[in-house]
Amino acid sequence: MKTEQNATVGALIKTTLVDFPGRVASAVFLTGCNLRCPYCYNGALVFNTESPENLATFQQIVAHLQKRKTVLSGFVISGGEALLHPATPELIKAAKSLGYAVKLDTNGTLPEKLSALIHEPSTRPDFIAMDIKTSPSRYAELLPSGAKQQQEAFSARLKESIALISASYTAENREWRTVLVPPLVQEADIESIVQLLPADASWQFAHFRAENCLDPSYNDITPYTESEEKHLVEKARALIAGATLR
């Protein structure tokens with residue numbers, strides 16, 4: 001389905017130095033998501049309730065990329081969940097036609113859509129970052145209430161996406177990301193995730209921010225201390241040398 005040029009698609013970050021490793025980039029955060037991570041702070045994007053004046057149209061995004069192509073070298077497509085949005089393939093094509101390297105952020109629950117992008121040269125991202133929220137066996141805690149019975153299917157999809165990314169990209173063009181949320185990422189979860197990743201994985205850990213959480217009760221959760229974070233990351237690094245606290 002072709003995206004209308006004047007249809008709003010997401011929040012545009014005109015310049016970012018932190019979202020695409022090694023590149024000065026622009027990023028778009030698309031609306032819509034199939035997960036309900038309780039610590040997510042992008043609720044307006046997840047539920048597609050963001051005010052239209054805070055969103056950019058497809059046409060505005062492409063015009064920005066055209067205007068800034070002598071300054072920027074990367075374009076990041078994130079979310080929400082980017083693979084759910086119909087504009088994603090067209091955004092990749094438009095950015096690549098302008099000479100941009102494209103990075104895709106995904107939660108890894110839609111391996112069929114991911115595979116379709118990867119295996120079509122015009123839509124193949126140059127870099128993929130996949131979130132791993134917790135142990136695959138705990139994803140029912142992240143699903144909308146009506147989808148919790150699909151836990152087993154989501155676990156299988158995560159593993160399929162990890163295998164697909166591992167096989168399709170070299171180590172410098174892929175990464176996995178985990179937010180250190182105390183209830184969701186504990187030692188046992190680290191051990192579970194380690195079993196899924198290739199030995200040469202870049203595994204980027206991030207701090208948990210207890211603010212504006214999708215589940216208000218998570219605003220009252222005390223983040224891990226510096227020493228607790230260090231312990232968890234060192235546990236991961238014992239088997240995955242590329243595990244790092246970003």
Q: Please assess Ile193 against Ile240 for the test side-chain contact (heavy atoms from CB on, under 4.5 Å), listing each intermediate value before the final yes or no.
A: CA-CA 10 Å; Ile193 296 169; Ile240 304 289; over 6 Å; no
Q: Look at Glu175 together with Arg246 and state whether they make a salt bridge at an N to O cut-off of under 4.0 Å.
A: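 Yes, this pair counts.
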(Q) For Tyr169, does the six-membered ring have the charged nitrogen or CZ of Arg124 within the cation-pi criterion, i.e. under 6.0 angstrom from the centroid and within 45° of the normal? (A) yes
Establish, from distance only, whether the side-chain atoms of [X] and [Y] form a donor-acceptor pair under 3.5 Å.
X      : Y      : answer
Thr225 : Ser227 : yes
Asp19  : Ser78  : no
Asn107 : Glu81  : yes
Asn54  : Ser51  : no

Heavy-atom side-chain contact between [X] and [Y] under 4.5 Å:
X      : Y      : value
Ile190 : Phe205 : yes
Cys37  : Tyr218 : no
Leu142 : Pro38  : yes

Q | Residue Glu226 excluded, over 12 heavy atoms near CD under 6.0 Å | A |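 No.
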Q: Check each of Arg23, Lys96, Lys103 against Asp126 using the salt bridge (Lys or Arg N to Asp or Glu O under 4.0 Å) test, and report the only one that passes.
A: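 Considering Arg23, Lys96, Lys103, a salt bridge (Lys or Arg N to Asp or Glu O under 4.0 Å) with Asp126 is found only for Lys96.
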Show me the side-chain donor-acceptor pairs of residues 152-160 shorter than 3.5 Å, one per line, residues at least two apart or across chains.
{"unit_1": "Ser155", "atom_1": "OG", "unit_2": "Pro136", "atom_2": "O", "d": "2.7"}
{"unit_1": "Ser155", "atom_1": "OG", "unit_2": "Gln151", "atom_2": "O", "d": "3.2"}
{"unit_1": "Ser155", "atom_1": "OG", "unit_2": "Gln151", "atom_2": "NE2", "d": "2.7"}

(Q) Listing request: all salt bridge (Lys or Arg N to Asp or Glu O under 4.0 Å) pairs with a residue in residues 183-197, at least two apart in sequence or in separate chains. (A) Arg138-Asp189, Glu187-Lys235, Glu191-Lys235
